[in-house]
Number of protein chains: 2
Amino acid sequence: MTHPVSLAEIWRGPRPESVHLGHAVICDAGGGIVEAWGNPDEVVLPRSSAKMIQALPLVASGAADSAGLGPEQLALACASHNGAAIHTDRVGRWIAGMGLGDDDFRCGAHMPWDKPAHDALLCSGTAPCQVHNNCSGKHAGFLTLGRHLGGGPDYIDLDHPVQRAVMEAFETVTDAPSPYHGIDGCSAPNPATTLRAMARAMAWYAGAGEDTAEERAARRLWQAMVAHPDLVAGEGRACTELMRACSEPVALKTGAEAFFIAILPQRGLGVALKIADGGTRGAECAIAAILVRLGVLDPGHRAARRLCNAPIINWRGIETGAIRPAAALA
Amino acid sequence: MTHPVSLAEIWRGPRPESVHLGHAVICDAGGGIVEAWGNPDEVVLPRSSAKMIQALPLVASGAADSAGLGPEQLALACASHNGAAIHTDRVGRWIAGMGLGDDDFRCGAHMPWDKPAHDALLCSGTAPCQVHNNCSGKHAGFLTLGRHLGGGPDYIDLDHPVQRAVMEAFETVTDAPSPYHGIDGCSAPNPATTLRAMARAMAWYAGAGEDTAEERAARRLWQAMVAHPDLVAGEGRACTELMRACSEPVALKTGAEAFFIAILPQRGLGVALKIADGGTRGAECAIAAILVRLGVLDPGHRAARRLCNAPIINWRGIETGAIRPAAALA
């Protein structure tokens, strides 16, 4: 087994104070490893970085077209959104159009990450709804697929037709049986795989053409993400800022516990990375550094500087340190 | 060099999803290593875990007695407090008694961590003051020492009499020259040392008697921390909950980037630990596990279960995983 390697460093004074170790893989469309750090065969839970796979049967089955979903809804199906009005209004209208309401979700409620939305709820003493959950777009997709496939209201159950379709799609695009699954924060099953298999799946998305329903679905999903970076995450979030900053179309998606993927259609490449300790700042720094390395992100761009070469500023505005990619990524 | 070792694990499904590596040392009063994990000679910034050292000259110099400080103020001088009313009222009165005001602080302002205090400021559109800074008690101590020693208003400058006294105290109790320093979030210099030297310093606190002014000061400081766990951090915080939970007097103090120390006076032991990636949940899990291992914390106590054997509960109340100490600490 290969140990995780340093991918991001937090400096204070003349030395690193903390270090984020992890694993990262870049795969080509044939599944070959272009470059790797740490252990490409590390078994991981991709968490929300798998959302474009969890949305694949929604599109490939024809459910999305039957429901008249456009790129905005497809981007939201792949999103970990901020719960801002631009997200909750659209997801709310989507399920209302199916005659469903907030109680039909099975994701649970949490306060929105978007500060204006958060503060408005807090200061009016209003409890958040399930539509505020960052995964509500994915769940709207599950509800849409559930309507198409049949099955009961608990679409997050592992043996529900929705999750059976998701698991089949996951094992198809990763080209391997999933050894186990975890239950996600939003209650959906999240299948495990290797980091290499996840990068290969992302490369398959990057190279997806028009030959099969699955390829066409994959293509529509990454195109929707690239077309709507604000819907995939939100203002100030790494996915949104980096998708806007890249010099060519790149679909990016974070996942809990410091996962990150990238789909690079013009190069036919897929990237998957996991910071071993689950530290999000490390994952954001590492993916930005890899995008710079691949030549699709200007290191001088504001988003690149904020995420992977950022000064740490204290409460009095003094620069006390920096976050930097490790030498292996530079 | 010895690499960091696994100290805490985040499980989801049948396997760990993330792992926190780090270093930990238990020292006795003679400076001998009782037990160690990872590299005891790791050079670290102890951050706020050094506050009882930064407060040592305040007491040993006689400044605290001249200003009439009691155990509450000494606990606050060692605190990273929540900015609740119990903290800000006391720190505000302390500096007002010296004829000083919020503008005399050099810590900078941030929103209080205490939720009621935070929400009250936010929903009334009120900006936080420097007294809300979690370090304002330490800075009130610096202001008090500055009044005693002389020097200008910028008591956080490295060559100010206050910081020269702090650095001398730090090098005395760690018994080694500090190789460098960083600037802390609150703008005070934070001296580097080895983890072993920090554990030795904590053991010296644990064994401090009545022979010298420094020993009496050290004794008063840990006694103040143990007497006022609510002032050292606040409701819901690990330091406060664990000090309340221990079966004998134990002084505990967290530091930024996943530092933690413990002073065990009845055993003459000191503990210092650092999670390499800076993940606070890992440091809290590891210190709780070490306290259980040392026999001063009942593993069935609510605080122990919450910090080091806690289920991870998702937005619908489903148990999806757990945080657990690594096998090496169990």
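In what follows, chains carry the letters A, B, and so on, assigned in the order in which the sequence lines appear, proteins first and then strands, with residues in each chain numbered from 1.
Options B/A276, B/G317, B/G278, B/G13 differ in how many heavy-atom pairs under 4.5 Å they form with chain A, and the most are formed by B/A276. Counting heavy-atom pairs closer than 4.5 Å to chain A, the top residue among B/K274, B/R106, B/H181 is B/R106. Counting heavy-atom pairs under 4.5 Å between each of A/C123, A/G182, A/A8 and chain B puts A/C123 at the top. Contact count versus chain B (heavy atoms, under 4.5 Å) is highest, among A/V44, A/I312, A/V43, A/I10, for A/V43.
Using a 4.5 Å heavy-atom threshold, the side chains of B/I156 and A/R316 count as touching. B/R47 places a side-chain heavy atom less than 4.5 Å from the side chain of A/E17.
In this structure, the portion of A/I318 lying under 4.5 Å from any heavy atom of chain B is its side chain and not its backbone. For A/N133, the part sitting under 4.5 Å from any heavy atom of chain B is the side chain, from C-beta outward, and nothing else. With a 4.5 angstrom heavy-atom cutoff, A/I313 does not touch chain B via any of its atoms.
Taking CG from B/L21 and NE2 from A/H3, the interatomic distance works out to 10.0 Å, rounded to the nearest 0.5 Å. Expressed to the nearest 0.5 Å, how far CZ of B/R12 lies from CG of A/D184 amounts to 6.0 Å. Between the CG atom in B/N314 and the CD1 atom in A/I183 there is a gap of 8.5 Å [rounded to 0.5 Å].
Smallest separation of non-hydrogen atoms from B/Y180 and A/P14: CD1-CD, 3.2 Å.
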List the atom pairs, with distances to 0.1 Å, where a side-chain N or O of residues 108-116 of chain B and a protein N or O form a donor-acceptor pair under 3.5 Å, not counting sequence neighbours.
from	atom 1	to	atom 2	distance (Å)
B/H110	NE2	B/N134	N	3.1
B/H110	NE2	B/N134	ND2	3.1
B/D114	OD2	B/A117	N	3.0
B/K115	NZ	B/D119	OD2	2.7

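Note on residues 277-288 of chain B: pairs passing side-chain hydrogen bond (donor to acceptor under 3.5 Å, both in side chains), not counting sequence neighbours, are A/E257-B/R281, B/H20-B/D277, B/H20-B/R281.
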